[in-house]
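Let me begin by presenting the structure, written as structure tokens, before commenting on it.
The figures here come from the full heavy-atom set of this structure, side chains too, leaving out hydrogens, waters and symmetry mates. Start at 1 with the first residue, then count along the sequence. All values reported here derive from a predicted model rather than from experimental measurement.
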Amino acid sequence: MTDNRASSDAAATTQAEVTEEIQQIAKAYEGGRDGGPTDGVETQPRLDYPPYRSSVLRHPTKDLHHADPEGIELWSPVFGQADVDPLEADLTIQRRGEPVGERMVVTGRVLDGEGRPVRHQLVEIWQANAGGRYIHKRDQHPAAIDPNFTGVGRCLTDGDGGYRFTTIKPGPYPWKNHRNAWRPAHIHFSLFGREFTQRMVTQMYFPGDPLFALDPIFQAVVDPAARARLVATYDHDVTQHEWCTGYRWDIVLTGSHRTLMEEEVEA
């Protein structure tokens, strides 16, 4: 779980106050100020986004410590196809019983900036259960823990860059950014590059979520077009008769249409 649910002094702030802050930042961006379109499209989440309260303390303010990449690779994990079982991509069969919730398939492709498939890429996901609860000691949301759902899975992309997970649609959940703050339903995605140090993390959302406009993490991506690239598409061709719904979401690693990664915000 990467969302920070730790309480803060700002937890008493109302949604209306946070929404007003979000709208003022969006208005400034649309007006070409504060890194707005006249200065170029802003394609990454803001590191210091005041409506996202903990980002004030969590974003880097000093130079990063530069590690020797070759030295790290001597002791970092190495993944190969033999290490990832295809069944790990099905989050609904990890325990003895059926998880509660809407069964769904999430599929897509991992592409580079030229539209070429990124083959044999390790893709990991983690998410809340249908009630919006993670299996994590810091998650104190009073929703029930589903004993048949761990919320974690992984797979390798195929020769066409494709990935596919069978899982349960996660529920929204409260977090203590401000009073009555709720996160839109989402799935965390992690991708490893050629080395362990190239890990990238992002979030996939679901279309039509009413919490989008209220959520300061989602809104920390201030450019509307860039933000829209974090939202999956419902695909009825992926949906299976009397079995599951289907969503499609491609991940683009580079170029002007690349998928936004959250490592800078979550660091």
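The aromatic rings of His178 and Trp175 lie perpendicular to each other, with more than 60° between the two planes, well past the 30° mark. Ring orientation note: the planes of Tyr205 and His186 are tilted relative to one another, at an angle of 30° to 60°.
Residues forming a side chain to side chain donor-acceptor pair (under 3.5 Å) with Arg95 (at least two apart in sequence, or on another chain): none. Under the rule for a side chain to side chain contact (heavy atoms under 4.5 Å, CB included), the partners of Asn180 that lie at least two apart in sequence or sit in another chain are Trp182. Residues satisfying the salt bridge (charged side-chain N to carboxylate O under 4.0 Å, His left out) test with Asp160, not counting sequence neighbours, are Arg109. Here Tyr49 pairs with nothing under the side chain to side chain donor-acceptor pair (under 3.5 Å) rule; sequence neighbours left out. Remark: Arg96 pairs with no residue by the side chain to side chain donor-acceptor pair (under 3.5 Å) rule, at least two apart or across chains. In terms of the salt bridge (charged side-chain N to carboxylate O under 4.0 Å, His left out) criterion, residue partners of Asp112 (sequence neighbours excluded) are, by chain and number, Arg116. Residues satisfying the side chain to side chain contact (heavy atoms under 4.5 Å, CB included) criterion with Arg164, sequence neighbours excluded, are Val105, Thr107, Gln240. Applying the side chain to side chain donor-acceptor pair (under 3.5 Å) test to His236 and every residue at least two apart in sequence or in another chain returns Tyr234. Gln23 is linked by a side chain to side chain contact (heavy atoms under 4.5 Å, CB included) to Thr19, Glu20, counting only residues two or more places apart in sequence or in another chain. Taking the side chain to side chain contact (heavy atoms under 4.5 Å, CB included) definition, one finds that Val100 meets it with Asp146, sequence neighbours left out.
Between the Asn177 side chain and the Arg53 main chain, a donor and an acceptor come within less than 3.5 Å of each other.
Here salt bridge (Lys or Arg N to Asp or Glu O under 4.0 Å) pairs that include residues 98-107, with residues two or more places apart or in two chains, are Glu98-Arg103.
A distance of 6.0 Å or more separates the ring centres of Tyr134 and Trp126.
Using a 4.5 Å cut-off between side-chain heavy atoms of Ile, Leu, Val, Met, Phe, Trp and Tyr, Ile135 falls into a hydrophobic cluster with Ile145.
The pair Asp139-Arg133 counts as a salt bridge, with a side-chain nitrogen and a carboxylate oxygen less than 4.0 angstrom apart.
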